[in-house]
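Notes for the one structure printed next.
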2 protein chains.
Amino acid sequence: MDTGTPAAADTNKQPRTERGRRTLRKLLDAAAVEFGERGFHDASISGITARAGTALGSFYTYFDSKEAIFQALVRDMSEAVKVAAREALAEPASALERERAALTAFLRFAAEHKEVYRIIDEAEFVDPESYRQHYETTGARILDRLREGARKGELRADLEEAHAWAIMGMNVFLGLRYAVWGEGDLPAERVAAIAGDLLAKGIAVDR
Amino acid sequence: MDTGTPAAADTNKQPRTERGRRTLRKLLDAAAVEFGERGFHDASISGITARAGTALGSFYTYFDSKEAIFQALVRDMSEAVKVAAREALAEPASALERERAALTAFLRFAAEHKEVYRIIDEAEFVDPESYRQHYETTGARILDRLREGARKGELRADLEEAHAWAIMGMNVFLGLRYAVWGEGDLPAERVAAIAGDLLAKGIAVDR
DNA sequence: AGGAAACTTGAAACCTGGTTCATGTTTCAA
DNA sequence: TTGAAACATGAACCAGGTTTCAAGTTTCCT
């Protein structure tokens, strides 16, 4: 889960040294594994530092508390999801194609990084503000794409926020079922095709 | 949140007396409030017993642990959601109408019982087995309705589990955004109408 | 009425794990 | 080279909450 620069957590704890940056990164990576495997409460700081190969006390050089590192992690990961999606949307395509591609990318990402899924979900309880922000910005990005599609005359002109949230919910639950829980019973492309088809035509009989 | 008989948690702790059943119910109701307000970890047993108006020690007459009462609660609530949905589906209607009615009911229920929403969501981390079961059975019920609609020639014949999960995800996220977070910026009927329309026709321009 | 089982009580034992801190080591700019 | 700031270390501290328990009280069946 290395996204490069750790998301700006501007406490008074920013490392000022190369060594410091390395340790911070090690802690963040270790925390991703620890929180992903055990969940916020069963996770322990000593578990994190043990995985990171640092001393317990070092933790507090970089973070004020267990909550603080969790928050840094959520923001880091929210960013990583965003980046993965942006990459999938690189080449131009029709609006519907783009939604399908975005979902395929999301499903692949979720299968590859199940811990991200879990940690962002758990943020609903541990760090509600970041959770809300994650889904609000994600929803806003989807809505932008829908509006763009409408502008090009490919999508209906009356699409609004609720449509974006509907699509987002669809994606998240398909991710949970087929990427996180599923053992590949349905491949990402297949799931994305079904959802794309639903978006294209609805579920009613063809008219 | 009184669903009648507390869901069968067949430990060796079933009450054998009327008084016992009353206390058990009080604890369950108090726990719903406590967990809903503070989340699993910030919630405390003494907070629950205080709200219930019983002694701390009495808790252990009925439940083995904090996890145990949480699990009982999740199952109780999963049942309550199911019941609320069933009631909304009482009178017959077209398949698409039924989905819209189910969503309306769900949104109303979620707005009315935000704590249910939160507790079931938190079960993903506190009691994963119950969480999974809740969504698997809910998904299965949706799929049943879709198949019934297909049988009647109202819905496409190729609908499968993934469609049901897509719809479920849509519903859950719309519930989160508009029932739990929203302050009535969009009323339940309006949200359900948008989602119903999406299911009926998709988001592409009309052909 | 009588007594056994069910239930209640709340003080205190007990644990767990987050956080602090005093001491030592490494980095890096001058 | 040098010294001040940054960083590392882990034992010990400590708060808070779960769980236990021994001593009552209430229920309910016969």
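Throughout, a chain's letter reflects where its sequence line sits, starting with A, and its residues are numbered from 1.
- As rounded to whole Å, 9 Å separates atom P of dT20(D) from atom CG of D64(B).
- Of the two residues contacting DNA chain D, namely F59(A) and I45(B), the nearest-nucleotide position lying further toward the 5' end is that of F59(A).
- Where K66(B) and A55(A) each meet DNA chain D at their nearest nucleotide, the meeting point lying more 5' is that of A55(A).
- Between T54(A) and dA8(D) there is no side-chain N or O to OP1 or OP2 distance below 4.0 Å.
- The CZ atom of F70(A) sits 14 Å away from the P atom of dG18(C) (whole-angstrom rounding).
- Across all strands, A43(A) comes closer than 4.0 Å only to sugar-phosphate atoms, never to a base (heavy-atom distances).
- A straight line from CD1 of I48(B) to P of dG17(D) spans 12 Å, rounded to a whole angstrom.
- Within the 4.0 angstrom heavy-atom criterion, only backbone atoms of the sugar-phosphate kind lie near G20(B); the bases stay farther away.
- Using a 4.0 Å cut-off between charged nitrogen and carboxylate oxygen, R25(B) and D76(B) count as a salt-bridge pair.
- Atom OH in Y60(B) sits about 13 Å away from atom C1' in dC21(D), given to the nearest Å.
- Spacing between atom CD1 of I69(B) and atom C1' of dT19(D) amounts to 15 Å, rounded to whole angstrom units.
- The aromatic rings of Y131(B) and W181(A) lie perpendicular to each other, with more than 60° between the two planes, well past the 30° mark.
- Cation-pi contact between K13(B) and F63(B): absent, since separation from the ring centre below 6.0 Å together with deviation from the ring axis within 45° is not met.
- Residue contacts shown for L56(B) include a base, since a base heavy atom lies under 4.0 Å away.
- Between F70(B) and F40(B), the ring planes are perpendicular. Angles over 60° get that label, and only those under 30° would be called parallel.
- In the set dT8(C), dT19(C), dT20(D), dT8(C) carries the atom at the smallest distance from any side-chain atom of Y62(B).
- With both pairing distances under 3.5 Å, dT8(C) is matched to dA23(D) as a Watson-Crick or G-U wobble pair.
- Side-chain nitrogen and oxygen atoms of S58(A) include none within less than 4.0 Å of the OP1 or OP2 phosphate oxygen of dC7(D).
- Proximity of the aromatic rings of F109(B) and H113(B) is defined here by a centroid distance below 6.0 angstrom, and this criterion is met.
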Restricting to nitrogen or oxygen on both sides, can you table the protein-nucleotides 25-30 of chain D pairs closer than 3.5 Å?
residue: dC28(D); atom: OP1; partner: E18(B); partner atom: N; Å: 3.4

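- Checking E122(A) against Y117(A) by side-chain atom types alone, no donor-acceptor pair falls below 3.5 Å.
- Taking only side-chain nitrogens and oxygens, T23(B) comes nearer than 4.0 Å to OP1 or OP2 of dT8(C).
- Within 4.0 Å (heavy atoms only), S44(B) reaches sugar-phosphate atoms of the nucleic acid but no base atom.
- Here the P atom of nucleotide dG17(D) and the CZ atom of F40(B) are 13 Å apart, to the nearest Å.
- Atom-to-atom distance recorded for Y62(B):OH and T54(B):OG1 is 9.0 Å, nearest 0.5 angstrom.
- In this entry the distance linking CZ of F63(A) with P of dG18(C) reads 15 Å, nearest Å.
- Using a 4.5 Å heavy-atom threshold, the side chains of H163(A) and L146(A) count as touching.
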